[in-house]
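Encoded as structure tokens, the structure appears first; notes follow it.
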Amino acid sequence: MKIVFRPASLRRRAFTLAEVLIVSGLAVLVGAAMILCNMFGASMAIRQQIWMDATGDSARTVGTIMNDIRSAQIVVVGNYVNNTFVPVPSNTNQWGDACRAYFSNQTNTPPWVDYYYSNTNLYRTNYNGPGVAGSASKVTANPCTNDARIFTFEDYQGNRLTNTQTIAVVDVYLSYLKFQNPEVLIAPGNIVDLYQIRTKIVPR
């Protein structure tokens, strides 16, 4: 009978309970960190998509309004009443939710372009004269609110005008209610709590 003795260094040794708990805890921590990183990356991707969509829509909106106002000979501020543009009278604050840009040097002479607010949207329509087809379209893809006047006439110092002038600074204010792609409601406590655009345009 032959008896073989193994050195103590070659004997197999199992994990202790403490070691198993430590390794399991580290595995859970690493897995949770990876999940959180992926969730953070997805959240940032969504935020970037929101800002890119909002910035692109705002740039197109402001660009369209700017091109019309800067090309106009006369600009009049007012409101739409029963689908009709009603200019603000003299000796009254020159502000409203509609604006008309005449491309001739006389009012009520076509062609002209109207901007007006209706049902949370800003619209653009044009009139080229009797028998000539016009067009109507939304200016902004994202709905906005008229919690403040959208169009305001100011002088070069930023003072609100009470009488029409040949050349006035047109203050344009847009405050958005939500974004469409992806759909995000703009309200305190949400992912976006406020998004506004304010710009000033001067006819050439």
Side-chain angles (χ1 to χ4, degrees), residues 53-104 106-128 134-180 184-188 192-204:
D53 176 71
T55 302
D57 180 61
S58 301
R60 288 188 296 270
T61 301
V62 173
T64 302
I65 298 173
M66 182 179 295
N67 287 336
D68 286 333
I69 291 179
R70 295 191 66 187
S71 301
Q73 296 289 329
I74 301 174
V75 181
V76 181
V77 68
N79 294 282
Y80 250 65
V81 181
N82 297 325
N83 296 323
T84 302
F85 178 79
V86 179
V88 175
S90 298
N91 301 318
T92 306
N93 287 329
Q94 297 295 303
W95 58 8
D97 291 334
C99 178
R100 174 169 289 184
Y102 291 99
F103 298 106
S104 64
Q106 293 182 352
T107 59
N108 298 321
T109 301
W112 65 68
V113 169
D114 286 348
Y115 287 90
Y116 65 95
Y117 176 86
S118 177
N119 297 325
T120 72
N121 287 297
L122 186 65
Y123 292 89
R124 177 187 185 274
T125 182
N126 68 331
Y127 178 69
N128 296 317
S135 64
S137 61
K138 290 183 181 179
V139 179
T140 174
N142 299 312
C144 56
T145 178
N146 60 342
D147 57 342
R149 301 295 185 178
I150 296 178
F151 300 100
T152 303
F153 282 5
E154 300 176 348
D155 61 15
Y156 70 97
Q157 293 180 324
N159 300 314
R160 187 185 309 118
L161 297 177
T162 57
N163 289 293
T164 58
Q165 290 187 2
T166 304
I167 298 178
V169 179
V170 183
D171 180 271
V172 181
Y173 166 82
L174 295 174
S175 180
Y176 291 90
L177 292 171
K178 68 177 180 179
F179 298 135
Q180 302 287 4
V184 176
L185 182 65
I186 301 174
V192 180
D193 57 6
L194 182 67
Y195 192 86
Q196 295 178 344
I197 299 295
R198 176 155 248 155
T199 185
K200 299 178 186 294
I201 308 170
V202 180
R204 293 178 179 175

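A quick note: this is a predicted structure, and the numbers were derived from the prediction, not measured. Hydrogens, waters and symmetry mates play no part in the numbers below; they use all other heavy atoms, side chains included.
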Side chains of D68 and Y115: is there a donor and an acceptor less than 3.5 Å apart?
->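 Side chains of D68 and Y115: pair found under 3.5 Å.
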
Can T125 and D114 be counted as having a side-chain donor-acceptor contact under 3.5 angstrom?
->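 No, no side-chain donor-acceptor contact under 3.5 Å.
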
How long is the span from the [atom1] atom in [X] to the [atom2] atom in [Y], to the nearest 0.5 Å?
| X | Y | atom1 | atom2 | result |
| --- | --- | --- | --- | --- |
| D193 | I186 | CG | CD1 | 9.0 Å |
| Q94 | N163 | CD | CG | 6.5 Å |
| Y127 | R100 | OH | CZ | 10.0 Å |

Heavy-atom side-chain contact between [X] and [Y] under 4.5 Å:
| X | Y | value |
| --- | --- | --- |
| L194 | Q196 | yes |
| I197 | T61 | no |
| L122 | Y116 | no |
| V77 | T152 | no |
| N128 | P110 | no |

Whether over 12 other heavy atoms sit under 6.0 Å from N83 CG |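 Open.
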
Ignoring hydrogens and geometry, is there a side-chain-to-backbone donor-acceptor pair from [X] to [Y] under 3.5 Å?
| X | Y | answer |
| --- | --- | --- |
| D57 | T140 | no |
| N82 | T84 | no |
| T145 | L177 | no |
| N79 | V86 | no |
| N67 | I65 | no |
| T120 | C144 | no |
| N126 | S135 | yes |

Which of these, V113, T109, V75, N108, sits in a side chain to side chain contact (heavy atoms under 4.5 Å, CB included) with Y102?
->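 Only one of V113, T109, V75, N108 forms a side chain to side chain contact (heavy atoms under 4.5 Å, CB included) with Y102, namely N108.
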
Step by step, would you call F151 with V172 a side-chain contact (heavy atoms from CB on, under 4.5 Å)?
-> CA-CA 5 Å; F151 300 100; V172 181; 4.1 Å; yes

Closest non-hydrogen atom pair, [X] against [Y]:
| X | Y | result |
| --- | --- | --- |
| A72 | A101 | CB-CB, 3.7 Å |
| K200 | V169 | CB-CG1, 3.7 Å |
| F179 | Y195 | CZ-CG, 3.6 Å |

Under the side-chain contact (heavy atoms from CB on, under 4.5 Å) rule, what do F153 and V170 come out as? Steps first, then yes or no, please.
-> CA-CA 5 Å; F153 282 5; V170 183; 3.7 Å; yes

Which residue, T199, N146, D147, forms the side chain to side chain donor-acceptor pair (under 3.5 Å) with Y173?
->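 Running side chain to side chain donor-acceptor pair (under 3.5 Å) over T199, N146, D147 with Y173 returns exactly one hit, D147.
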
Taking only residues two or more places apart in sequence or in another chain, which ones pass side chain to side chain contact (heavy atoms under 4.5 Å, CB included) with T92?
->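 Only V88, P89 meet the side chain to side chain contact (heavy atoms under 4.5 Å, CB included) criterion with T92.
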
Derivation of the side-chain contact (heavy atoms from CB on, under 4.5 Å) call for Y80 and S118 | CA-CA 9 Å; Y80 250 65; S118 177; over 6 Å; no

After noting the C-alpha distance and the side-chain angles of Y176 and S58, does the key distance pass the side-chain contact (heavy atoms from CB on, under 4.5 Å) rule?
-> CA-CA 10 Å; Y176 291 90; S58 301; 3.5 Å; yes

Name the one of R198, R160, R149 that satisfies salt bridge (charged side-chain N to carboxylate O under 4.0 Å, His left out) with D171?
->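 For D171, the salt bridge (charged side-chain N to carboxylate O under 4.0 Å, His left out) check succeeds only for R198.
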
